[in-house]
Amino acid sequence: MDNHELADKFDAIADLLEIKGEEIYRIRAYRRASEGLRSHAVDAQDLQERGELEEIPGVGKAIAEKIDEILRTGDLDFYERLTAEVPPTLLELLDVENVGPKKAARFWNELGVVTLEDLEEAAREGRIREMDGFGAKSEGKILEAIDAYKKHDHTRILISEAKGLAVEFVRRIRALDGVVEVEVAGSLRRLKETIGDLDIVVAATNPQKVIDSVLAFPEIKKIRAQGDVKVSVLLSNELPLQLWVHPPDRFGSALQYATGSQMHNVRLRELAQKGGLSLSEHGFMREDETEINCAEEMDVYAALGLPWIPPQLREDRGEITAALADELPELVSSDDIRGELHAHSDWSDGKVSIEEMCSAALERGLSYLAITDHSRSLNIAGGLSIEDLKKQREEINRVQRRMGDKLKIFQGAEVEILREGGLDYPDSVLAELDIVIASLHMGLRQPREEVTARILGAIENPYVDMIGHLTGRLIGRRDPADLDIEPIFRAAADRGVILEINSNPERLDLKDIHVRRALELGCLTAINTDAHHPDHLDFRPFGIGTARRGWVEGRSVVNTWKFKEVEKWLKRKSRS
DNA sequence: GCCGTTTTCGGCCCGACTGTTTTCAGTCG
């Protein structure tokens, strides 16, 4: 059972306890433990073996014992007893909009509702409107919400798609009368790998007018809630959009609030409390009821004695403690990137010639580019034979002469890690290449031991410089390979093998928490685009975002180095 | 149930919005 499955279990426990009417702080403790598990890159299994389960933030003695029991026996007695009291099917009801634990408990106790179907039936039969505090309107809303829940699949969208939508909204809102500032907030601003809703914050002199104008946008399908400072709608593509409109002197507070994360904000409010302040989306309230308004987001942090915290760090993963100690990382940024170390040409499955890729790299201000086409076994991608590689070297030499010193080209390959282990070219061929990326595309579903051993074997090969998109996941489409991450990172650190942070928004592989763990263990990374087309070079901001979420500073990213340094590093390596 | 530059016990974030209410509970982020 992995950390995510454990987290799901504790979330279920929290929900069941809440339906049961348990004390709220105990419930929150389970939720925090769940968050801690999701944010922790080291498997609970590993921590259990070392007796270090309480290292996970939010996990104390009692929850550590529960994790231990689940890992040892596969079951949890506490959970079994809990579900004997509260039917676990009630958890389905919580997925219905505006149905929470209190209502679920009442439907259960007063109407005998246990499943979603029961609830729908009760609503259709008009039994909900009979309950105290309910009416025909709330009954209708429940039916509508059940219908909506059944109809669409609630999958989060890719960050690239969300960004496109948000940019367009921001452009149109900015053009509205009285609008002073517009910013994207929420998980998109934090550059999370997937996005569940769009959050946009507006500073305007006439908030109500702005809200009215936005509500008239044609792609708004449904208004979910509408007030003086906030509106929540559903777009025609089923994505929720939330809009906050505040006067300019409160814009900083509103932006900070809407950016989140939820847990980061909770921590900030706790900190404010200790300083005798109360923090909300409007600003700070002092104990004497006077206010501190924040026009800039930085003012919010400053009032708490903190430096501004970059949005990508705001996940309650230790950033506030680091800020208090003035130990925030100097995060890598797009400006730091000097080259691309993973790109394809039409020699394999890339869409354009080597020369066109080079021109595109140059246009984007890069000073070096590695052409790393697929190796011979990847037939579907037109992998190169050993003979092809030699011809490609000649072509690269020709293009290099034309490019002069403006752009330096490495000849590399993205070499298959074969199903049975080993690499797709013999060492004698690998030795001739400037850079070797080893990647998995086949046999991703092998058992953990086998697939982990293949990666470890690649890392041990003296000619391998980098592991590409380690887990092979495609977000929302293909699960990551079942890898034992910890020994892989230790071996990569030991052998000086670079771990790629793949910027393709479908991959983002390594993911944020793995990036952070890799760094802790002393690994080098490279933020690559894996471009198969010139346009793909523009994926990089997503990889940068993932790196920043992994607390990456510039120096540990190899493609922030100058060409000479990278060249020297790669040569040193292939002789080791 | 967790946790500690005021605490090993006593705290634990905050407000907008809705539907049902004559003052508020529940949900959401």
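Since the structure is predicted, the reported quantities are computational estimates derived from the model, not experimental observations. Chain naming here is simple, since letters A, B, ... match the order of the sequence lines and numbering starts at 1 in each.
- Between the side chain of A/E553 and the main chain of A/E330, a donor-acceptor pair closer than 3.5 Å is present.
- Within the structure, every side-chain polar atom (N or O) of A/S138 is placed at least 4.0 Å from both OP1 and OP2 of B/dG19.
- In this structure, A/L279 and A/S253 have side chains that are not in contact, with every pair of non-hydrogen atoms separated by 4.5 Å or more.
- If you check every strand for non-hydrogen atoms under 4.0 Å, A/L324 touches nothing.
- Atom C1' of B/dT18 sits at a distance of 15 Å from the matching atom of B/dT23, rounded to the whole Å.
- Of the candidates B/dC2, B/dT18, B/dC12, B/dC2 carries the atom nearest the A/A62 side chain, counting heavy atoms from C-beta on.
- For B/dG26 and B/dT22, the P atoms lie 15 Å apart once the distance is rounded to whole Å.
- Per the geometry, CD1 belonging to A/I24 stands 14 Å off C1' belonging to B/dC2, to the nearest Å.
- Nucleotides B/dC17 and B/dT21 have their P atoms positioned 22 Å apart, rounded to a whole Å.
- Nearest-nucleotide positions on DNA chain B for A/Q226 and A/M285 put A/M285 closer to the 5' end.
- In this structure the side chain of A/I56 never reaches within 4.5 angstrom of the side chain of A/N3, judged on heavy atoms.
- Rounded to whole angstrom, the span from the CG atom of A/D15 across to the P atom of B/dG1 amounts to 16 Å.
- Taking the C1' atoms as reference points, B/dT20 lies 14 Å from B/dT27, given to the whole Å.
- One atom, CD1 of A/I56, and another, P of B/dG1, lie 17 Å apart when rounded to the nearest Å.
- Distance, A/E144 CD to B/dT18 P: 14 Å, rounded to whole Å.
- Of the two residues near DNA chain B, A/S280 and A/I223, the one whose nearest nucleotide lies more 5' is A/S280.
- Between A/H246 and A/H282, the two ring planes are tilted [angle within 30° to 60°].
- Looking at A/R190, its side chain does come within 3.5 Å of a backbone N or O of A/T259 through a donor-acceptor pair.
- Annotation: B/dC9 and B/dC14 have their C1' atoms spaced 25 Å apart (nearest Å).
- As judged by a 4.0 angstrom heavy-atom cut-off over every strand, A/K61 is placed among residues touching the sugar-phosphate backbone only.
- Counting to the nearest Å, the P atom of B/dC2 and the CD atom of A/E54 are 8 Å from each other.
- Among the protein residues, A/Q273 comes within range of the sugar-phosphate backbone only, with heavy atoms under 4.0 Å from sugar or phosphate atoms but none that close to a base.
- Remark: C1' of B/dG15 and CZ of A/R250 are 12 Å apart, rounded to the nearest angstrom.
- For the salt bridge (Lys or Arg N to Asp or Glu O under 4.0 Å) with A/E139, the lone residue among A/K103, A/R127, A/R129 that qualifies is A/R129.
- Set against B/dG15, B/dC12, B/dA16, the side chain of A/V229 has B/dA16 as its closest nucleotide.
- Among the atoms of the strands shown, only primed sugar atoms or phosphate atoms (P, OP1, OP2) are found under 4.0 Å from some heavy atom of A/S278.
- B/dC3 and B/dT8 have their P atoms separated by 16 Å, given to the nearest Å.
- Comparing B/dG1, B/dA16, B/dC14 against the side chain of A/I63 picks out B/dG1 as the nearest.
- Between A/M285 and A/S280 the shortest side-chain heavy-atom distance does not fall below 4.5 Å.
- Under 4.0 angstrom from either OP1 or OP2 of B/dG1 there lies no side-chain N or O belonging to A/Y25.
- Atom-to-atom, CG of A/L271 to C1' of B/dG4 comes out at 14 Å; the value is rounded to the nearest Å.
- Phosphate contact (OP1/OP2 of B/dG19, side-chain N/O of A/K141, threshold under 4.0 Å): present.
- Counting non-hydrogen atoms under 4.0 angstrom, A/N265 reaches nothing in the nucleic acid.
- Within residues 128-135 of chain A, the residues approached by DNA chain B to less than 4.0 Å at the level of any non-hydrogen atom are A/G133, A/F134, A/G135, in residue-number order.
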Once each nucleotide of nucleotides 24-29 of chain B is scored for protein heavy atoms under 4.0 Å, what B/S/- sequence comes out, 5' to 3'?
--SSSB
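- Nearest nucleotide to the side chain of A/H282, out of B/dA16, B/dC2, B/dC14: B/dA16.
- Here the side chains of A/R507 and A/I475 are not in contact, with every heavy-atom distance at 4.5 Å or above.
- When all heavy atoms of A/L328 and A/E319 are compared, the pair lying nearest together is CD2-O, 3.6 Å.
- Ring geometry for A/F134 versus A/F107: interplanar angle of 30 to 60°, hence tilted.
- Side chain of A/S160 to backbone of A/P505: no donor-acceptor contact under 3.5 angstrom is found.
- A donor-acceptor pair is defined here as one N or O able to donate and one able to accept, closer than 3.5 Å; no such pair exists between the side chain of A/E281 and the backbone of A/Y257.
- Summarising the base pairing, B/dA25 is matched to B/dT18 through a Watson-Crick or G-U wobble pair whose two defining distances lie under 3.5 Å.
- The CD atom of A/E22 sits 8 Å away from the P atom of B/dG1 (whole-angstrom rounding).
- One C1' atom belongs to B/dC2, the other to B/dT7, and the distance between them is 13 Å to the nearest Å.
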